[in-house]
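Here the structure comes first, spelled out in structure tokens, and everything after it is commentary.
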Amino acid sequence: MSIKWSEHACKYNLQNEWNDTLKEAYLYDRLSTEHKVRCRLCPRNCVIQQGEVGFCKVRKNINGTLYAQTYEKAAHVAIEKIETEAIFHYEPGADILSLGTIGCNLNCSYCQNWSLSQAEYANPNIISQRTSEQIVNMALKNNIKILSWTYSEPAVWFEFVIDTARLARKHGLVSLFKSAYFLSEEATDMIIDAADLFAVSLKAMDNKYYQTHTQGWIAPVLNCTKKIHRSGKPLEIENLIVTGLTDKDSEYIKIIDFVKKELDESVPLHFSSFHPDYKYVHLPQADSSHLERARAMALERGLQYVYVGNVFENVGLHSYCSQCGTMLVERFGLNSRVLETLDRSGRCVKCGKNNNIKLKP
Amino acid sequence: MKTYQYQWPPKKYLLHAQVQHETDETDGPYRLNIIREHCDGTTTIEPMEIADKNLRFIITRKRPEENSISFSYSEQLILSVYELEDTAFYPIEPYYCG
Ligand code: SF4
């Protein structure tokens with residue numbers, strides 16, 4: 001059940017109460033004037049006055065030092081399936097430990113997690129203190145090999161993600177970073193180094209759309225995405241189809257062409273259905289026919305792995321060999337069943353094509 | 001043991017279940033059984049051991065014939081069930097708690 005947003009929704013304004021000096025931000029400059037700082041984590045480069053927070057509301061200037069207020073503060077902790085994150089080519093069926101905090105450096109008008117991403121609405125009761133060690137131990141105790149940094153934007157607890165991912169790696173765990181990737185270049189470099197697999201939430205291919213509906217802009221998102229691709233680490237792209245906004249052939253083509261020309265036709269692309277929330281409750285859920293149409297267009301234009309998302313019974317959920325069309329992984333709900341047509345190395349048994357699907361050990 | 005049954009509505013496939021120990025003094029692990037009930041009357045049981053004091057996890061309907069899911073769990077546990085409308089959604093209002 002979701003809480004309905006309104007102009008009068010309860011605000012807790014934690015950002016005013018928190019004054020934590022536990023973790024100094026990794027990326028910022030001290031400015032010479034009046035204890036001001038400039039945050040370098042995301043392209044906003046907020047200049048923050050003494051006692052104030054940036055746009056994301058969780059990075060605070062305390063006496064001329066920028067502190068990450070969400071360090072060790074978790075708002076979401078849940079064991080989920082890797083398919084939850086629109087990752088279909090890395091260990092299908094794997095359990096993940098999903099982790100999120102409050103705050104976001106965007107403000108998408110249809111955000112499903114607005115009561116957490118927009119920090120002023122976050123209820124303090126849902127926040128729990130967790131150290132990196134506790135998170136790694138929880139994963140190990142539950143036999144989970146993948147930490148997933150997700151939900152509201154994980155970039156806003158950047159320092160905690162980096163520190164925990166580094167510790168996790170020492171224990172043989174991998175980190176998945178699911179983000180809108182509205183990040184600075186230097187933050188992108190650090191996250192590429194610390195994390196192991198990447199899910200990009202690409203809202204649209206239109207700068208005006210980003211400005212109007214997310215309060216961000218597109219260039220940094222595309223730069224980050226290309227950078228991740230160049231790193232050679234596993235990457236999948238998800239595009240949320242929003243009814244009346246992005247459910248158009250012209251929009252699908254722009255995304256498809258970006259993946260094909262700027263990334264690679266083998267990068268998995270997921271078209272997911274938006275559900276009405278936050279300020280966009282007046283729009284109906286995107287119909288699966290739009291997802292199916294977008295998928296068909298992408299396949300026709302040469303993308304090899306295209307999926308539908310937020311629908312749970314659909315032929316567009318399965319993985320097929322991009323050469324001979326044989327089904328390799330069958331999906332229902334968030335369950336994946338690896339078929340005998342896929343060998344341990346990710347090759348189609350029938351035609352030998354490598355479909356870049358890494359299976360669980 | 002306490003029990004709770006959830007009927008899958010049409011077009012619903014996902015739940016979050018959260019189990020918490022009633023007290024901080026845990027001498028667990030405690031038991032939780034997830035029983036999947038199918039329209040032909042068959043069931044499958046998935047036993048779990050809950051060692052954490054507070055554990056939240058996703059449950060996904062496994063096949064079209066699965067029409068309900070039951071939880072059978074130790075008296076010392078409190079179960080909260082959340083309906084998920086979206087894979088990126090983290091609900092904070094439980095559908096059931098008991
Ligand atoms: S991370 Fe937050 S404080 Fe830093 S530049 Fe972005 S919005 Fe501003």
Side-chain angles (χ1 to χ4, degrees), chain A residues 1-4 75-81 83-86 93 95-100 110-113 115-117 121-123 125-126 128 134 137-138 141-142 144 150-152 178 199 201 238 240 270 272-277 285 288 309-313 331-337, chain B residues 6 8-21 24 26 28-30 32 34 36 38-39 44 46-69 78-97:
Chain A
M1 222 181 301
S2 57
I3 310 170
K4 297 274 170 281
H76 328 77
V77 180
I79 297 173
E80 299 192 309
K81 292 285 173 195
E83 289 74 12
T84 320
E85 309 295 18
D95 286 332
I96 58 175
L97 184 58
S98 294
L99 302 150
Y110 43 78
C111 180
Q112 306 106 8
N113 293 312
S115 63
L116 300 162
S117 67
Y121 298 112
N123 182 333
N125 293 336
I126 54 129
S128 61
Q134 285 170 333
N137 284 340
M138 185 179 177
K141 195 159 79 176
N142 288 287
I144 292 171
T150 183
Y151 294 119
S152 58
K178 181 170 192 185
S201 172
E238 185 179 29
L240 191 71
H270 303 248
S272 286
S273 165
F274 132 95
H275 93 254
D277 214 324
Q285 174 140 18
S288 61
N310 266 337
V311 291
F312 303 98
E313 264 187 276
R331 296 188 179 85
F332 178 88
L334 291 178
N335 289 289
S336 290
R337 194 164 68 91
Chain B
Y6 177 85
W8 289 114
K11 309 237 163 157
K12 286 262 188 227
Y13 299 83
L14 306 176
L15 294 175
H16 266 174
Q18 184 164 15
V19 278
Q20 285 171 276
H21 291 161
D24 270 358
T26 165
Y30 294 115
L32 168 80
I34 295 174
R36 296 178 185 273
H38 308 115
C39 49
T44 54
E46 295 167 11
M48 284 180 77
E49 283 200 341
I50 310 291
D52 297 86
K53 281 183 190 154
N54 184 346
L55 187 71
R56 181 154 165 160
F57 53 93
I58 203 163
I59 295 176
T60 165
R61 196 171 175 176
K62 281 205 166 154
R63 44 192 171 111
E65 312 83 63
E66 186 181 309
N67 51 12
S68 62
I69 191 158
I78 299 170
L79 171 73
S80 301
V81 174
Y82 302 82
E83 287 185 318
L84 259 66
E85 298 166 38
D86 188 304
T87 50
F89 180 52
Y90 191 93
I92 49 181
E93 292 285 318
Y95 175 80
Y96 167 83
C97 185

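Just so you know, these numbers use all the heavy atoms, side chains as well, and skip hydrogens, waters and symmetry mates. Letters A, B, ... mirror the listed sequences (proteins, then strands); counts begin at 1.
Annotation for A:N113 and B:Y90: closest pair OD1-N, 2.9 Å, computed over non-hydrogen atoms. Between B:T87 and A:T84, the shortest heavy-atom contact is O-CG2, 3.2 Å. Closest of all the heavy-atom pairs between B:T60 and A:L334 is OG1-N, 2.9 Å.
Only the side chain of B:L55 comes within contact range of chain A, with heavy atoms under 4.5 Å apart. Residue contact with chain B, scored on non-hydrogen atoms closer than 4.5 Å, involves the side chain of A:N142 exclusively. Proximity to chain A (any heavy atom under 4.5 Å) is restricted, for B:Y13, to the side chain, taken from C-beta onward. With a 4.5 Å cut-off on non-hydrogen atoms, A:I126 touches chain B through its side chain but not through its backbone. Within the 4.5 angstrom heavy-atom criterion, only backbone atoms of A:S273 (N, CA, C, O) approach chain B. No part of A:A86 comes within reach of chain B, as not one of its non-hydrogen atoms sits under 4.5 angstrom from that chain.
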Between B:L84 and B:H16, is the side chain to side chain contact (heavy atoms under 4.5 Å, CB included) condition met? List the steps.
CA-CA 7 Å; B:L84 259 66; B:H16 266 174; 3.5 Å; yes
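In this structure a side-chain-to-backbone donor-acceptor pair under 3.5 Å is missing from B:R63 to A:F332.
With chain B as the partner, the residue from A:K81, A:K141, A:K178, A:M138 showing the most heavy-atom pairs under 4.5 Å is A:K141.
A salt bridge links B:R36 with B:E66: the closest approach of a Lys/Arg side-chain nitrogen to an acidic carboxylate oxygen falls below 4.0 angstrom.
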